[in-house]
Amino acid sequence: MGDDRLIDGLTAPQREAVTRLDGPLLVLAGAGSGKTRVITRRAALLATAVARPDEVLAITFTNKAAGEMRERILALGVGGGAWGRGRMWICTFHSLCARLLREFGQAVGVQPCYTIFDESDKRSVIREAIGAVGLSPDNWRPRTIEAAISDAKNRMLGPADYAEQARDFSEKTIARVYDEYQARLAGQNGCDFDDLLMHVATLLQNRPEIQAELSRRFRYLLIDEYQDTNHAQYQIATLLASSHRNICVTGDPDQSIYAWRGADIRNILDFEKDYPDAVTVRLEQNYRSSGAILSAASSLISNNKLRKDKTLWTEKEFGPPVRIWECEDELEEADRIAVDIQTHCAAGGAAGDAAIFYRVNAVTRVLEDALRNSGIPYQIARGVEFYNRKEIKDVIAYLRAVVNPADEVAVVRAAGTPTRGIGKVTIERLKTFASQTGISIGEAVARINEIETLKPARKKVAPFAKLIAQIRGMPPRPVGDIVEAVLLNSGLEASLRAAGDVDNNPLENVYELVSAARQYDEQNPEGSLADWLQQISLVSDTDAIELTGGSVTLMTLHAAKGLEFPIVYMVGLEEDLLPHRRAVEGADGEIEEERRLCFVGVTRAMERLTLTHARFRMIRGVTERTMASRFLAELPAEEVEYHELERTVDRSRAHRGEYNDADNEGIDVSRFQPGRTVEHPEYGRGRVLGVEARGKSVYVRIHFENEGARSFALDYATLDLIES
DNA sequence: GTATCTATAATTTTT
DNA sequence: TTATAGATAC
């Protein structure tokens, strides 16, 4: 069967995972266990031994991972000409669904020319919906409502389902907004990210003939990072596999870090229940990290209670110990990292060997400054930022308006930029006419002569209407020509020519967009404007990382999943940052997810790992005392190298008297782990909520049954720990 | 109808 | 610290 090259050099379990082609297969792949190697070879083997390439559907977590997988399969050089005829489907859940909706969406009320609404489009529609049901955005925060709706969609609850299960006033109100929001999206023929999944899952559920056709089309399924799938994704996977059951999922419960986005770890834990005949393969040998790093990782993750026990092992040598650096503040933290990287480079190492991970994006600025000042090249994973720029969104608004005339968000934005005398009142009149006539806003623009109310403004709208009609009349490709036409004919180019300076040049950005379109044209001989728009709507931060580049990579811990670097720094190992405050205050399970996040970061390192924490950190303009992360105390103490604060070199703000130092050393906060029960002489028994530093003292917050939450200064409180 | 200013709020992680 | 929404001035 197949090509021997595909199984060369594999261990027994790896070989099993590659060659057991039919039936349900669960691959529990520990960090660094060669999983990518296994799934690429498996995909290649499937496509050469038992199926046509286009009968294989491989689903990855990011576009980046999809691209890499495609390259690696090509590099295997198997299958020869077979690749040309029908390409293997390698995509993310979202891009798969986006494609399927274009083909089958009408069955769930989505027109083929639908457009994808990003977070800010979603925000503006939500605001409208909140207003339309008679609420005020001051009392009903769009953020909160968005989160609730997103959560509902991930659980496949439509507005009606959600309303049915809504219990309290808050949920019932959200249900009204959800209903309105969804109606508005449908009216604009738009889908948000969550809709892509929910609609396809519903489609597969309600239309057996489509489900049958698709499971015939995709005879073999391969799903990576299965621990991070949500319910809608689970349904899609299940329904696609239901007739042939050739479903292989890979993942690692210890690396589940997206519960906040609706991911349900039970999907992977229950795989064997869903498919009782499933074969399970465990990959537990780690080929990536040194003994020291692996030992730290194992020690850390063993603190999770809700966990299937698993032991990673390595044949690699122990190597240098994991370092923990205590720094005065975030400036010193960044400086020390920069100096360390410089030392590495001076010794002949490459900057590209190193990566810096952090919990929140907000901490990047100081790191960037330090690297820039030291002349160290760096890259930051934030690809969406380009598409979030104002001038880019302006151009894209025109394109969306051309593709989908009902896309009100886009039409309104395009009509108003550059300013051409179309204001609020005119827009309202267009909207009113559209809804009275039962047409889309785009059509209303095309039929301005029929709109009585538009007397003087008609002259202002006419050129815009003409432009849209002209662009719409162009052939759907090459896309580059369309983008360029929009740019030149809309007046955007002219208005940008005047603006801009050296380090922020919108005109340049906009031309970069034209280049991106031209590049797309070259790579996709059959691509259309709609396809390109779909593709750029789904780019993520991680997609932009250049792994072969010669620069230090900065990214969030979430973005780091699936990658590896010889040298890793993790910054901000502090309570309230990692674990994040939201998790500390939240349910018990959330701390475990933070720990898994930390574990993911640690296991990215191959040779050298440095964890840092600062005693003081400025957060949104205010410098605060911090406490070392509990996770640091969970590392094997005798194996790590602890670097205390270097008091001789004081580059910190404290030195300049910008804040008062606090003498909190030596306080054992670990005794008061959140969740522990304590006894207070006056208030009786209570539960520890958390420990926090404020000003010069450290406080412990306790929740008492009768008294509610109270804080005590740790130095003076008379609290007894009760064994639980 | 448009531009500018001010106040205000809010900050986890991402397809 | 930063972005954004709303108010105000032109």
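Scope of the values below: all heavy atoms of this structure, side chains included, with no hydrogens, waters or symmetry mates. In what follows, every chain begins at residue 1, and chains take the letters A, B, ... in the order their sequences are listed.
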Q: Look up atom CG in Asn388(A) and atom CG in Asp118(A), then write down how far apart they are to the nearest 0.5 Å.
A: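 Here the rounded value is 6.5 Å.
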Q: Would you say dT15(B) has OP1 or OP2 under 4.0 Å from some side-chain N or O of Asn230(A)?
A: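 Answer is no, no contact under 4.0 Å.
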Q: Closest to the Val360(A) side chain: dT14(B), dA10(B), dT13(B)?
A: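 Of dT14(B), dA10(B), dT13(B), dT13(B) is nearest to the side chain of Val360(A).
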Q: Mapping Arg143(A) and Phe61(A) to their closest nucleotides on DNA chain B, which lands nearer the 5' end?
A: Arg143(A)
Q: Using whole Å, what does the distance between atom P of nucleotide dT14(B) and atom CD1 of Ile116(A) come to?
A: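 That distance rounds to 19 Å.
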Q: Please determine whether a side-chain nitrogen of the Lys or Arg among Arg630(A) and Glu634(A) lies less than 4.0 Å from a carboxylate oxygen of the Asp or Glu.
A: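 No, this pair does not count.
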Q: Do any pairs count as a salt bridge (Lys or Arg N to Asp or Glu O under 4.0 Å) and have a residue in residues 191-205 of chain A, sequence neighbours left out, and if so which ones?
A: Lys122(A)-Asp194(A), Lys153(A)-Asp192(A), Lys153(A)-Asp195(A)
Q: Give a yes/no verdict on base stacking between dT15(B) and His94(A): centres under 5.5 Å, planes within less than 30° of parallel.
A: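 Here the ring of His94(A) and the base of dT15(B) are not stacked, as the 5.5 Å and 30° limits are not both satisfied.
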Q: Nearest whole angstrom, please: distance from the P of dT15(B) to the CD1 of Ile536(A).
A: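 In whole Å, dT15(B) P lies 15 Å from Ile536(A) CD1.
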Q: So does Glu408(A) pair up with Arg184(A), basic N to acidic O under 4.0 Å?
A: no
Q: Just N and O in the side chain of Arg582(A): are any of them under 4.0 Å from OP1 or OP2 of dT12(B)?
A: yes
Q: One thing to verify: whether Asp394(A) and Arg413(A) come together as a salt bridge, which I'm taking to mean a side-chain N less than 4.0 angstrom from a carboxylate O.
A: yes
Q: Scan Phe93(A) against the nucleic acid and name what it touches under 4.0 Å (heavy atoms): base, sugar-phosphate only, or nothing.
A: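 Nothing: the residue Phe93(A), judged by heavy atoms under 4.0 Å, touches no strand.
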Q: Would you say a side-chain N or O of Asn361(A) is under 4.0 Å from OP1 or OP2 of dT13(B)?
A: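 Checking dT13(B) against Asn361(A), a side-chain N or O does come within under 4.0 Å of OP1 or OP2.
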Q: Let me know the distance between CD of Glu146(A) and P of dT12(B), rounded to the nearest Å.
A: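 Whole-Å distance recorded here is 13 Å.
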Q: Rounding to a whole Å, what distance do you find between Leu196(A):CG and dT15(B):P?
A: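 My rounded result for the distance is 13 Å.
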Q: Nearest-nucleotide wise, let me know which of Ile619(A) and Thr92(A) is further upstream toward the 5' end of DNA chain B.
A: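 In this pair, the answer is Ile619(A).
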Q: Over how many whole Å does the gap from His199(A) atom NE2 to dT15(B) atom C1' extend?
A: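 So the NE2-C1' distance, His199(A) to dT15(B), works out to 16 Å.
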Q: So if I take every side-chain heavy atom of Thr556(A) and compare against dA9(B), dT15(B), dT14(B), which nucleotide ends up nearest?
A: dT14(B)
Q: Within this structure, what is the CG-to-P distance between Leu597(A) and dT12(B), rounded to whole angstrom?
A: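 One finds 14 Å between P of dT12(B) and CG of Leu597(A), rounded.
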Q: If you define the side chain from C-beta out and look only at heavy atoms, does anything of Thr115(A) sit under 4.5 Å from Asn189(A)?
A: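 Counting from C-beta outward, Thr115(A) and Asn189(A) never come under 4.5 Å.
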Q: With a 6.0 Å cut-off on ring centres, are Phe193(A) and Phe93(A) close enough?
A: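 When the ring centroids of Phe193(A) and Phe93(A) are compared, they turn out to be at least 6.0 Å apart.
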Q: Considering only nitrogen or oxygen atoms on both sides, find all protein atoms under 3.5 Å from nucleotides 1-8 of chain C and state each distance.
A:
from	atom 1	to	atom 2	distance (Å)
dT1(C)	O3'	Arg365(A)	NH1	3.0
dT2(C)	OP1	Arg365(A)	NH1	2.1

Q: Polar pairs (N or O, both sides) under 3.5 Å between protein and nucleotides 1-8 of chain B?
A:
from	atom 1	to	atom 2	distance (Å)
dG1(B)	OP1	Thr426(A)	OG1	3.3
dT2(B)	OP1	Gly421(A)	N	2.8
dT2(B)	OP2	Ile422(A)	O	3.3

Q: Could you tell me if the side chain of Cys191(A) sits less than 4.5 Å from the side chain of Leu185(A), heavy atoms only?
A: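 Not touching, per the 4.5 Å side-chain cut-off.
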Q: Could you state the CG-P distance from Leu577(A) to dT13(B), rounded to the nearest angstrom?
A: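 In whole Å, dT13(B) P and Leu577(A) CG are 10 Å from each other.
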Q: Please determine whether a side-chain nitrogen of the Lys or Arg among Arg596(A) and Glu593(A) lies less than 4.0 Å from a carboxylate oxygen of the Asp or Glu.
A: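 Between Glu593(A) and Arg596(A) there is a salt bridge, with a charged N closer than 4.0 Å to a carboxylate O.
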Q: Which distance, rounded to the nearest 0.5 Å, do you find between the CG of Leu214(A) and the CG of Leu239(A)?
A: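 Answer rounded to 0.5 Å: 10.5 Å.
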Q: Report the distance from atom CG of Asp576(A) to atom C1' of dT13(B), rounded to the nearest whole Å.
A: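 Those two atoms, CG and C1', are 16 Å apart.
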